[in-house]
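All remarks here apply to the structure that follows.
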Amino acid sequence: MKIVILDGWTVNPGDNSWDALARFGALAVYDRTGDGEIIGRALDADIILTNKTPLAAETLARLPKLRFIAELATGYDNVDVAAAGRRGVPVANVPGYGTDSVAQHTMALLLELCNRVGEHDRAVKEGEWCRSPDFTFWKAPLVELAGKRLGIIGLGRIGRRVAEIAAAFGMEILAYSRSTRNVALSVPVTWLDLREVFAQADVVSLHCPLTAENEHFVGSDLLGVMKETAFFMNTSRGRLVNEVDLAAALNSGRIAGAALDVVSREPITADNPLLSARNCLITPHVAWASLDARRRLTAVTVRNIEAFLQGKPINLVNGELLVSA
């Protein structure tokens, strides 16, 4: 059996061993794989592991030996899961491995918007405090979270964890979810429709998957109903947001600020309008990437492959689409 990892560097840059996968068969690990290299590297693969390398229908059709796809992530929009299902190829993801890390990063972004820790650190080290006539100064308005409203779009594992942490800061939680609201919640939540969450929240944070239906759903319409003092945050998927509209809302003062860990095209391109947008914090899609989270990701991936080989696959994202091979 041959197992191919198409883009292993982000999951394991040297601190997260692949040894547990090697026991299943011959293992080939590539740090990165370009679109034109996928077929050559995966042609003989029985199992493919991918984090962000795209596996489109036309690519899958040219991989005759493929039996199983292990998504090295929770999100799986880089794989045509329906096409894989039609070929009888199960696709499994890793739900929940990054819940705490992503929630922590979400709050770190929010706290940076509110307290400007990094900006004030730079100012002090550049001598501004030395030159100050007062014992204190600040570079931007400081915002207290207690009593503010956090609007969460998508109340899955990460959204619920963010709600718990935000509630500990004294925030009131507003929420919108397209799925059932019958989930166990440890903090009070006010359910509203999508537009009302954007209109009433002091902070709106996205925690929903990307689908064909919600691509670019955050645009001028929803941004236009937000408070001028409100912040917008996205640690989910960049293509949920119309970036031109978000940049315009920031530059015009329509909203007070934004913090993002994801953008529509990654790595970010030099012409992305958010790079020069007013009061916009951007981190390079690192919310998921703590060592603890990456080791959990690898461990669950090993279990996914083991379960598949035992004929009892778990964490399938295309189980209902599978056609018997």
Side-chain angles (χ1 to χ4, degrees), residues 1-14 16-18 20-22 24-98 102 209-211 236-239 262 264-267 284-289 293-309 313-319 321-322:
M1 173 172 296
K2 183 175 181 180
I3 302 168
V4 173
I5 303 174
L6 293 174
D7 48 1
W9 188 88
T10 53
V11 174
N12 176 22
N16 185 20
S17 174
W18 298 118
L21 287 169
F24 295 122
L27 178 65
V29 180
Y30 300 97
D31 285 346
R32 302 164 190 86
T33 296
D35 291 350
E37 300 173 309
I38 298 173
I39 301 301
R41 292 179 173 182
L43 186 62
D44 296 327
D46 299 281
I47 296 173
I48 290 177
L49 282 67
T50 178
N51 184 288
K52 292 293 179 288
T53 301
L55 294 176
E58 54 269 28
T59 301
L60 296 173
R62 297 174 61 189
L63 300 174
K65 293 188 65 178
L66 184 61
R67 297 171 54 201
F68 184 70
I69 297 171
E71 179 71 63
L72 287 165
T74 300
Y76 48 89
D77 46 283
N78 59 315
V79 178
D80 190 327
V81 297
R86 289 193 295 271
R87 287 203 44 214
V89 177
V91 181
N93 73 339
V94 184
Y97 78 94
V102 177
L210 175 68
T211 68
S236 294
R237 286 290 185 266
R239 285 191 290 134
V262 290
S264 59
R265 183 176 174 186
E266 297 171 350
H285 204 147
V286 294
W288 67 282
R294 289 185 286 111
R295 285 179 172 170
R296 283 192 296 270
L297 172 62
T298 302
V300 175
T301 299
V302 169
R303 291 199 293 273
N304 284 347
I305 293 173
E306 188 171 45
F308 165 72
L309 294 175
I314 58 174
N315 295 321
L316 294 186
V317 298
N318 67 341
L321 304 172
L322 282 173

If you take all heavy atoms of [X] and [Y], which pair is closest and at what distance?
X: Asn318; Y: Gly85; value: ND2-N, 3.4 Å
X: Ile3; Y: Gly25; value: CD1-N, 4.3 Å
X: Arg32; Y: Arg41; value: O-NH1, 2.6 Å
X: Gly238; Y: Val262; value: N-CG2, 3.5 Å
X: Ile69; Y: Ala84; value: CD1-CB, 4.3 Å
X: Leu297; Y: Ala73; value: CD1-N, 3.7 Å

Any side-chain heavy-atom pair from [X] and [Y] closer than 4.5 angstrom?
X: Asp80; Y: Leu55; value: no
X: Ile38; Y: Arg62; value: no
X: Asp77; Y: Arg239; value: yes
X: Ile314; Y: Asn304; value: yes
X: Met1; Y: Leu309; value: yes
X: Trp288; Y: Arg294; value: yes
X: Leu322; Y: Leu316; value: yes
X: Tyr97; Y: Thr301; value: no

Calculate, to the nearest 0.5 Å, the distance between atoms [atom1] and [atom2] belonging to [X] and [Y] respectively.
X: Tyr30; Y: Ile5; atom1: OH; atom2: CD1; value: 11.0 Å
X: Asn78; Y: Glu71; atom1: CG; atom2: CD; value: 4.0 Å
X: Lys2; Y: Arg67; atom1: NZ; atom2: CZ; value: 15.0 Å
X: Asp7; Y: Thr50; atom1: CG; atom2: OG1; value: 4.5 Å
X: Leu49; Y: Ile305; atom1: CG; atom2: CD1; value: 4.5 Å
X: Phe68; Y: Phe24; atom1: CZ; atom2: CZ; value: 10.0 Å

Report the C-alpha distance between Asn315 and Val300 in whole Å, list the side-chain angles of each, state the deciding distance to 0.1 Å, and finish with yes or no for side-chain contact (heavy atoms from CB on, under 4.5 Å). CA-CA 9 Å; Asn315 295 321; Val300 175; 3.8 Å; yes
With Val89, which of Leu66, Leu60, Ile47 fulfils side-chain contact (heavy atoms from CB on, under 4.5 Å)?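 Option passing the side-chain contact (heavy atoms from CB on, under 4.5 Å) with Val89: Leu66.
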Short question: side chain of Asn51, backbone of Leu72 - any donor-acceptor pair under 3.5 Å? yes
